[in-house]
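Below is one structure, written out as structure tokens; comments come after it.
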Amino acid sequence: MDEQQRRPDLGPERFPRRKTRQIVLRHPTNPVAVGGDAPITVQSMTTTKTADVDGTLAQIYALAGAGAEIVRCTCNDKEAAIGLAQIVPRSPVPIVADIHHQYEMALAALEAGVHCLRLNPGNIRKPEQIKLVAQEAKDRGVPIRIGVNGGSLHPDLYKKYGDKIVPEALVESAQMELAYFDEVGFEDVKISVKASNVPLMIESYRQLSEVTDHPLHLGVTEAGPPPAGILKATAGMATLLSEGIGDTIRYSLTADPVEEARAGRQLLEAMGLRERKGLDLIACPSCGRAEVDVIAVSAAAQAALSDLDIPIQVAVMGCVVNGPGEAREADLGIAAGRKRGHLFVKGKVVKVVPEDEMVDALVEWAGIIAEDGVEAAQAKAEDGAEAAAEADRAALLEDQGADANDATSKIVKIEQIGRKP
Ligand code: SF4
């Protein structure tokens, strides 16, 4: 039983979702709902030329494999639209066409059969063009994302708010676009108000969620390369998700988009908003007690386990003194001590292996858990494993004492600072 099962208040209901209406991206075999009670979804965007059909499809498959449930492709010219006509029927996930400047490309993408459009209100400004696209999308049952972007804000709004990009301007831009859609009775809409400035992005979405019940697509635009890009995007999106705001998310990273998809999935899993699908590797930060190079072992474990596609939490702990106890909630873990690895399943030591076999043992027992479950794996515990771990633990405590970091003597020295000799 994991932490969420024991404490239901730590589950998704911990972050009650704001109520939104639902739209559906109508992929024929894999329709994806956004908003309402649909799970929060992960999106990403291809970086290939859309006219390169095979290259784009290969990337779409890689993104879907990494957790993307919706993929956006640019539709910036006729060749891209022609590419989309060949990509859409072979894509495993719904395809969104990204449109800037040319409304004709939106019409071409609809003709190509895309499952959703993204329009940037800052770039397509003529009301008759916006309404023509909305009418065409309505007739075909294709939703549109109104994708407001701080960097390409409508110039009139920029001016109106004192040549500044402020949340009110981003929200007003979305509302102006919605008003055009209303005129043709088109409601199949999700909205984003992205900015690269995190506080601006957070406040814009907060304000937007007060004035509309359309589903919201979250993102920090131009977040940059990892790790800073991941941090910025996570700060913005996690803040809003914890307030119940957001129905679909995208990390905009300057990196292989597979990283975006992976990060999106990991964020939702980490917040308990989606069930774990793959590996969650936790590792202690290491300290004076560490009996092994925790960074190297956890990197090797991550590499060896991540391709297995097993929904499992695995812990790599630097010492057997505290490791099995601190990581007792992990499905599987290993703690180092006296040149040996102490393998444990949900806190129960099941096997002791030589230090250089730690990663192999994790792979083997992850397979056992995936095949037979946690209890069956615990039942396979080798005789004497628990006792061997306890003996190593006791020996380490004997060697290092309970205060491996020598905190006691440091505290004495600290307390003496400033005292008169
Ligand atoms: S006490 Fe052991 S498990 Fe905890 S951080 Fe230090 S090495 Fe890691």
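Quick caveat: nothing in here was measured; it's all calculated off a predicted structure. Ligands are counted one by one from 1 in listed order, and the atoms in each one are counted from 1 as well.
Residues Asp213 and Arg18 are not paired through a salt bridge, judged by the lack of any N-O separation under 4.0 Å between the basic side chain and the carboxylate. Using a 4.0 Å cut-off between a side-chain N of Lys or Arg and a carboxylate O of Asp or Glu, Glu355 and Arg338 do not qualify as a salt bridge. By the 4.0 Å N-to-carboxylate-O rule, Arg340 lies too far from Glu291 to be salt-bridged with it.
Glu382 is listed as a side-chain neighbour of Lys351, based on a closest heavy-atom distance under 4.5 Å.
Around atom 8 (Fe) of ligand 1, protein N, O or S atoms at less than 2.8 Å comprise Cys284 SG.
Legend: residues meeting salt bridge (Lys or Arg N to Asp or Glu O under 4.0 Å) with Glu390, ordered by chain and number and at least two apart, are Arg393.
Note: Ile191 CD1 to Ile144 CD1 = 11.5 Å, rounded to the nearest 0.5 Å.
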